[in-house]
Amino acid sequence: MKLFVHNFMSSRFLKNVTVGYPLELTVKQFVEKDIEFDRENMIVMLDKIQYEALLVAAAAVNQSDRIPAEKPPKWDELSDDQLKQFHHLLMNIDVVDGELICPETKTVFPIKDGIPNMLKVDAEK
Amino acid sequence: MYFNEDKLKAIGTRFEGGKLAKKVHKSIEQLKRHDPDVQVSSEPTKFLLVSNSSILCGVSLEELEAIFLPLDEQAEFVVYPNKRSYSFVQCSSVEAAIKVRTELHGLIPMALKGSHQPFIISYVNELPEAKKCENYRPADLGIIEDYISADYEKQLVHMLINHPSVQSLKHRAVVHFGHVFDYSTNSASEWKEAEPIPQIIEDLIDRLLSDKYITERPDQITANVYEPGHGIPSHYDTHSAFDDPIVSVSLLSDVVMEFKDGANSARIAPVLLKARSLCLIRGESRYRWKHGIVNRKYDVDPRTNRVVPRQTRVSLTLRKIRRKPCECKWKEFCDWDRKGSISISPNDYVSKLIVGEMSVPSSEDLALKLESSYVSDVYENIASHFDETRHSSWKAVKKFIDDIPRGSVLYDIGCGNGKYLIPKDGLFKIGCDMCQGLCEIALKKDCHVARCDALSLPFRDGSADAAISIAVLHHIATFERRKKMIEEMLRVVKRGSKICVTVWSMDQSQSEYSKMRGNKDDVGAIDSSSQTTNRLKVHDGKDFEQQDVLVPWTIDKQGETFLRYYHVFKDKEAEDLINNVDGCELISVEKEQGNYIIIARKI
């Protein structure tokens with residue numbers, strides 16, 4: 001699971017959960033792959049993401065130092081090198097083994113072999 | 001069929017020269033490939049290989065006889081393979097063979113009705129060796145050859161043919177003992193006492209019991225007299241009517257009985273029933289397979305491919321009337337009303353478990369159970385085969401995706417093998433599927449996937465610019481749940497965003513699927529109970545009989561069949577569903593090859 005996917009996920013579907021975002025993330029194992037960097041693409045993606053969740057993801061892989069603690073005011077004013085840090089976090093890092101946890105109910109959803117299992121029935125077992 | 005309209009030649013035309021030589025070459029190549037033991041002879045012999053002369057080319061044995069017998073009245077079509085385009089003729093002498101070949105080689109005979117292909121004739125040294133049975137038999141079927149003696153056969157036939165109460169059915173004569181099978185209901189509910197079972201049949205029953213082929217005395221015996229050319233349509237002996245097994249004894253003539261898989265009537269197993277043999281139709285062969293005898297005057301022995309003419313045949317069928325509910329494990333093929341309306345004790349724990357099991361679900365709980373057994377579990381089993389067969393995209397879906405601006409976020413709900421996730425079209429795509437196997441396949445293709453339920457999407461509200469769901473909604477078993485799935489898709493997209501949802505249509509007349517299934521039985525011709533019921537039915541024909549069905553997925557010809565639950569959509573049903581969802585505006589419903597492509601907007 002790429003970290004950018006984490007940015008879109010939520011446990012809102014669970015009973016009595018009002019926001020369910022961002023999901024807490026624990027990472028037991030991850031791999032890094034070099035995905036081609038495309039400046040325009042990256043800027044479009046950063047427009048779509050929620051910064052608070054990205055900070056959660058960065059912390060989960062101990063790479064918080066790659067990005068600023070505050071959301072930059074304008075993405076297109078960033079240099080390629082700065083954008084590449086975001087690209088690395090969002091696109092290159094692939095979580096193989098870990099957990100996603102609902103911030104409200106603490107329901108645990110396992111990530112196994114790169115696939116998060118968000119099935120309610122499995123989580124409630 | 002070997003048929004090309006452009007190359008169509010009028011019947012009566014004769015091929016010569018280079019064109020004929022080419023066809024001879026092709027004919028011999030085919031022989032080498034399929035029957036390598038047969039050698040072509042440069043000298044005349046009395047055995048002829050005749051190409052373009054089989055049932056595969058639309059040429060019947062009767063047509064062949066009409067063409068060949070005037071030239072050699074003792075010519076015999078000894079080998080007439082079902083799966084080849086040629087057959088073999090044995091002439092009475094070498095001279096007769098020369099005459100036949102001179103007359104017919106290269107000719108499209110005038111007598112042909114369906115075919116426009118010339119006969120291509122070569123001399124061969126011998127006929128093909130009898131081949132080992134390539135055909136499969138339905139599981140559990142028992143055939144015991146020479147079960148009764150010629151003497152017993154004679155006595156039995158004498159008794160039956162002279163029996164005072166032989167009644168004539170269309171093309172068949174029939175007599176019942178013990179009880180009369182009521183053809184108007186095809187069920188066990190209305191049994192009438194019939195002639196007492198004669199001692200000679202009681203003796204046979206004693207033997208069957210002592211040989212342990214049966215455990216209880218049959219109480220419904222039917223004898224049929226078949227004239228050559230007559231058969232019986234493909235049918236099940238209804239589960240609810242009779243116990244297991246159905247016992248049948250063949251008298252006087254060999255015949256080929258065809259067994260058809262109830263989940264796939266194109267899967268046919270021809271089985272030779274020799275005169276004086278015993279046939280035990282039990283277990284899977286009884287509960288899942290249909291059986292019948294084709295109307296024709298000859299059979300092709302499935303073991304040798306040799307033509308066997310039929311004689312008058314008498315069959316004796318021994319059955320035990322079922323008096324308790326059918327509990328066979330082929331419940332999808334069972335006609336028994338497992339909802340318990342037929343005298344099942346309400347205190348019986350087992351019967352409670354099976355109540356409503358095979359009915360169209362009426363509650364959330366039952367829907368979940370059904371989807372779990374007949375959707376989720378099935379996809380886990382067929383995932384890799386499913387992946388091999390899913391590549392093409394629907395035009396309307398492709399257009400929907402092409403119209404989404406670059407850089408948008410797209411969710412694919414029920415992404416399967418990821419076929420819509422792969423293309424690099426500048427979209428940020430995330431797929432999800434309930435099936436672990438399919439998630440793994442999509443992940444290997446570098447797709448972004450999560451495993452989830454389509455009714456509980458793991459995405460934040462309003463986070464995508466569009467969503468698609470291809471061929472998923474029809475696996476959801478109740479209206480409320482289908483509505484919930486649309487609501488859930490709307491929840492995760494932004495206001496103003498569009499969703500595209502496709503489902504199977506009940507009307508499959510325009511579909512590739514229908515063409516693919518063109519060789520299957522038409523539904524309804526035989527099965528009188530084919531009306532819309534509250535029970536799930538195994539779909540087999542070309543057209544859907546009812547909206548809630550179990551559709552077979554066969555991995556290969558020999559392989560296992562899995563049944564997937566579908567709710568196929570009627571005309572206007574998609575519109576009705578969308579109109580029932582708050583905050584949803586219908587944009588269009590298009591029909592493409594047996595699918596409805598629904599496009600709607602979140603308002």
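The figures here come from the full heavy-atom set of this structure, side chains too, leaving out hydrogens, waters and symmetry mates.
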Subject >> Sorted by number, residues from residues 55-93 of chain A in contact with chain B (heavy atoms, under 4.5 Å) >> reply: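 Hits under 4.5 Å: A:M91.
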**OP:** Could you have a look at B:C432, B:A442, B:C439 and say which one has the most heavy-atom pairs with chain A under 4.5 angstrom?
**Re:**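 So the answer, after comparing B:C432, B:A442, B:C439, is B:C439.
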Original post:
Just wondering, do B:R406 and A:N41 contact through their side chains at under 4.5 Å, heavy atoms?
Top reply: yes
Original post:
Is the shortest heavy-atom distance from the side chain of A:F4 to the side chain of B:I430 under 4.5 Å?
Top reply: yes
**OP:** Could you please state which residues from residues 451-474 of chain B sit under 4.5 angstrom from chain A, measuring non-hydrogen atom to non-hydrogen atom, sorted by number, or 'none'?
**Re:**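 Against chain A, the residues of residues 451-474 of chain B that fall inside the cut-off (heavy atoms, under 4.5 Å) are B:R451, B:C452, B:D453, B:S456, B:L457, B:P458, B:F459, B:R460, B:D461, B:S463, B:D465.
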Original post:
Side chain, backbone, both or neither: which part of B:K444 has a non-hydrogen atom closer than 4.5 Å to chain A?
Top reply: neither
Original post:
B:E488 versus chain A, heavy atoms under 4.5 Å apart: side chain, backbone, both or neither?
Top reply: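 For B:E488, the contact with chain A is made by the side chain alone.
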Original post:
Within a radius of less than 6.0 Å around NZ of B:K398, do more than 12 heavy atoms belonging to other residues, nucleotides or ligands occur?
Top reply: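 No, because the 6.0 Å sphere around NZ of B:K398 holds 12 heavy atoms or fewer from other groups.
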Original post:
Quick check: are there more than 12 heavy atoms from other residues, nucleotides or ligands sitting under 6.0 Å from NZ of B:K399?
Top reply: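 Not buried by this count: 12 neighbours or fewer within 6.0 Å.
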Original post:
Atom CD of B:Q436 and atom CD1 of A:I115: how far apart are they, to the nearest 0.5 Å?
Top reply: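 That separation rounds to 4.5 Å.
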**OP:** With rounding to the nearest 0.5 Å, note down the distance linking NZ in A:K48 to CZ in B:F428.
**Re:** 8.0 Å
[X] portion near chain B, given a 4.5 angstrom heavy-atom threshold:
| X | answer |
| --- | --- |
| A:Q50 | both |
| A:F8 | both |
| A:M1 | neither |
| A:I49 | backbone |
| A:N7 | both |

